[in-house]
Amino acid sequence: MAIAPLRPQSLFSLLLLGVGVCASGQALSAELYVSTAGNDSSGTGTLQNPYRTVKRAISAGRAGDTITLRAPAGNRTYNECDVRLRQKMTLRTYAGEGKARIHCAITTPESVTIQIDPAASGSRLSNLEISGGYYYGIMLQTNWYQGGPSSDTGASDVVLEDLLIHGTGRDGIKITPKSNRATIRRVEIHTTGARDNGNADGIDNVNGDGMVVEDSYIHDTATTGLYFKGGARDVVVQRNRVENTGDAGILVGFDTSTEFFDLVANPQYYESIRGIVRNNVVRNTGYSGIGMYASKDAIVANNTIVNAGRLGHSAIYFGVTFQDWDPKAGRPANVNPTIRNNLVIQDNNRCVEIRYSSELGGLSGLSGSPGSNWNGFGNGCVFRDGRPGSGVTAGTLAQWRSATGADANSKQAAFSVDATGHLPAGSPAIDSGTTLAQVTDDIDGQARVAPYDLGADEYGQQSTAPIRVNGTQPLIPVRGTGAASVPVAASVPSGTATVTTPAPSQAGTESTATAATPATPATAPAAKPAAGRKYTPPALLAWRWLLARLGWLR
């Protein structure tokens with residue numbers, strides 16, 4: 001059957017359709033490139049003609065764009081402070097070139113290496129090295145404040161993956177109130193507090209709900225490895241190694257000033273609600289290995305804790321919170337914890353402690369039962385319950401059981417693990433735990449087999465994950481890409497903040513909010529046409545082909 005020729009009216013309709021598709025095509029995301037050999041003035045953001053600075057590419061981009069940093073060997077460092085995402089973007093390293101490094105000298109006043117604003121929710125940082133910053137390596141900013149509109153929030157749904165963060169002025173990652181659902185995976189953080197070692201955690205989350213920290217390596221931090229506090233709800237910390245920390249390893253809650261609590265969702269001032277800490281190896285901490293402070297419904301399960309509390313506290317610790325001694329604060333005790341299948345190996349024998357303080361009319365680290373059972377404790381473990389009338393000031397496991405009713409099925413033995421936190425053959429921890437609905441795998445991501453083993457490792461399963469060795473954390477390749485992450489040594493890389501680097505130019509740098517002050521909503525710069533968007537929409541190509549076939553373009 002012959003095909004009827006198109007009438008002028010049909011051509012006109014098709015033209016309108018093509019124009020519409022062409023216009024919508026301009027909204028498609030683009031990829032802009034940055035190179036240390038690029039040029040901010042003459043560069044167009046293409047692979048062949050890249051920009052020189054990350055900030056220039058960000059200012060040229062639009063929501064949904066990807067900023068890709070070139071990182072050739074020996075020339076991969078971008079000396080820039082306050083790199084700030086004000087709209088949703090992906091910031092990553094060019095595939096096959098290791099990690100591009102964004103460095104901010106810690107002497108640059110009031111600076112953060114990378115900031116992400118609430119309007120940039122959904123952004124992603126991938127396969128980068130981030131160092132320095134007067135305050136933090138990465139900061140998720142917020143517009144929320146207590147008593148403000150419920151619609152105000154922080155930078156949410158942000159993904160931080162395959163990163164190396166080190167040499168920061170204070171914390172490695174700072175998450176501010178209502179910066180919800182952050183995902184932190186396959187990240188190494190070390191050497192925090194290069195400028196101020198008095199308050200320099202690996203990850204500091206204040207009232208950010210739904211955070212997930214997984215498959216990461218946090219070590220050699222000036223203070224705590226990571227904590228989530230200020231009323232943070234539904235946080236999951238799983239399959240991580242946390243070791244060599246100045247203060248605690250992992251804290252479920254801690255001690256927060258009252259203005260950072262959401263009193264609508266949390267009028268009792270709980271520091272953490274429904275937090276889960278599972279399948280982690282925690283080793284060599286100054287204070288508690290895994291501590292709980294004013295937590296509600298916490299689950300601490302299948303963790304391995306080795307030589308925690310070198311300076312004080314214990315491997316598993318129920319602490320008290322003072323909340324700035326504010327008269328209106330709640331300062332609740334920990335309530336309804338579930339402590340299962342953990343393996344505790346302590347040279348100092350400080351295994352479990354419940355604190356009590358007589359200040360402010362009496363503060364207890366725990367209300368009710370410890371909720372502890374099916375755990376493994378090394379021989380010689382000491383248990384302390386500081387609550388009035390407990391009678392267990394330095395007790396044995398048998399005395400602890402009698403006084404608290406906890407750990408009826410827990411066992412004591414000469415437990416050991418290898419340098420990676422894995423169980424040796426014949427370990428008394430094998431098959432000594434109980435099955436938990438909240439735990440389905442182990443630190444290597446391998447399926448648990450009932451009855452569960454104690455600690456983070458399920459013995460005897462074939463591992464397909466990179467082997468973690470003491471001092472090194474191989475990073476798993478980014479899913480769905482061809483870019484592999486190179487294993488990262490735990491020793492301080494050359495070129496950290498202790499090495500003299502050129503101070504970045506501050507000309508044109510946006511102002512930054514400090515940790516103590518929520519970010520003032522910033523007006524995003526007007527979207528600029530990106531010179532790197534030199535492409536022809538498919539609809540226009542089809543339209544030209546059609547006109548050529550009809551002879552209109554001859």
Side-chain angles (χ1 to χ4, degrees), residues 25-105 112-117 120 123-133 137-138 159-164 478 480-486 495 501-510 524-537:
Q26 296 299 321
L28 296 175
S29 60
E31 184 167 13
L32 303 175
Y33 294 87
V34 186
S35 170
T36 54
N39 189 297
D40 280 351
S41 298
S42 60
T44 58
T46 63
L47 182 60
Q48 298 76 20
N49 192 17
Y51 295 121
R52 173 60 183 85
T53 64
V54 182
K55 288 182 179 179
R56 175 68 180 91
I58 290 173
S59 68
R62 296 194 297 206
D65 284 356
T66 295
I67 310 298
T68 298
L69 281 59
R70 300 300 305 270
N75 194 14
R76 60 183 184 86
T77 299
Y78 298 83
N79 288 298
E80 300 186 50
C81 292
D82 296 311
V83 172
R84 192 160 189 167
L85 301 185
R86 299 183 183 276
Q87 53 191 340
K88 178 181 176 181
M89 286 182 167
T90 294
L91 191 61
R92 67 182 184 182
T93 298
Y94 188 72
E97 292 188 344
K99 281 180 167 58
R101 179 185 178 199
I102 303 176
H103 174 71
C104 173
V112 173
T113 306
I114 298 179
Q115 299 187 59
I116 303 176
D117 283 3
S123 290
R124 179 183 302 261
L125 304 183
S126 183
N127 197 33
L128 297 165
E129 179 179 349
I130 298 164
S131 58
I138 299 173
V159 175
L160 308 175
E161 61 185 7
D162 300 286
L163 306 177
L164 169 59
V478 182
T481 75
S485 297
V486 179
T501 53
S505 169
Q506 294 303 299
T509 301
E510 297 87 359
K528 302 176 183 178
R533 302 175 193 273
K534 294 182 178 178
Y535 60 89
T536 304

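As a basis for the values below, the full set of heavy atoms in this structure was taken, side chains included, without hydrogen atoms, waters or symmetry mates. Numbers for residues simply follow the sequence, beginning at 1.
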(request) Would you please test Leu163 and Leu125 for side-chain contact (heavy atoms from CB on, under 4.5 Å) and show each step? (result) CA-CA 8 Å; Leu163 306 177; Leu125 304 183; 4.3 Å; yes
(request) Under the side-chain contact (heavy atoms from CB on, under 4.5 Å) rule, what do Tyr33 and Leu69 come out as? Steps first, then yes or no, please. (result) CA-CA 6 Å; Tyr33 294 87; Leu69 281 59; over 6 Å; no
(request) For the pair His103 and Glu129, evaluate side-chain contact (heavy atoms from CB on, under 4.5 Å) and give the outcome as yes or no after the intermediate values. (result) CA-CA 8 Å; His103 174 71; Glu129 179 179 349; over 6 Å; no
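Counting heavy atoms from C-beta on, the side chains of Lys99 and Leu128 never come closer than 4.5 Å. Contact annotation: the side chain of Tyr78 approaches that of Thr36 to within less than 4.5 Å [non-hydrogen atoms, C-beta and beyond]. Residues Ile67 and Val34 have side chains in contact (heavy-atom distance under 4.5 Å, counting atoms from C-beta outward). At least one side-chain heavy atom of Arg92 sits under 4.5 Å from a side-chain heavy atom of Glu31. Side-chain atoms of Thr93 and Thr68, non-hydrogen and from C-beta on, never get closer than 4.5 Å to each other. Here the side chains of Ile138 and Val112 are not in contact, with every heavy-atom distance at 4.5 Å or above. Side-chain contact between Leu32 and Thr66 is absent, with no heavy atoms from C-beta onward closer than 4.5 Å. Using a 4.5 Å heavy-atom threshold, the side chains of Thr113 and Asp82 count as separate.
How far OG1 of Thr90 is from CG of Asp65: 9.5 Å, rounded to the nearest 0.5 Å. Rounded to the nearest 0.5 Å, atoms OG (Ser131) and CG (Leu164) are 8.5 Å apart. To the nearest 0.5 Å, atom CD1 of residue Ile116 and atom OG of residue Ser123 are 5.5 Å apart.
Nearest heavy-atom pair across Asn49 and Ser42 is ND2-O, 3.1 Å. Listed here is the closest heavy atom pair of Ala105 and Cys81: N-SG, 4.0 Å. Scanning all heavy atoms of the two residues, the minimum distance from Ala60 to Tyr51 falls at CB-OH, 3.5 Å. Listed here is the closest heavy atom pair of Ile58 and Arg84: CG2-O, 3.8 Å. For the residue pair Gly64 and Ser29, the shortest heavy atom distance occurs at O-CB, 3.1 Å.
For the pair Glu97 and Arg70, the salt-bridge criterion is met [side-chain N within less than 4.0 Å of a carboxylate O]. Salt bridge annotation for Arg124-Glu161: present, with a cationic side-chain nitrogen under 4.0 angstrom from a carboxylate oxygen. Taking the charged nitrogens against the carboxylate oxygens, Arg86 and Asp117 do have a contact shorter than 4.0 Å, which makes a salt bridge.
A donor-acceptor contact shorter than 3.5 Å links the side chain of Gln87 to the backbone of Gly61. With hydrogens and angles disregarded, a donor-acceptor distance shorter than 3.5 Å links the side chain of Glu80 to the backbone of Lys55.
There is a side-chain donor-acceptor pair under 3.5 Å between Asp40 and Thr53.
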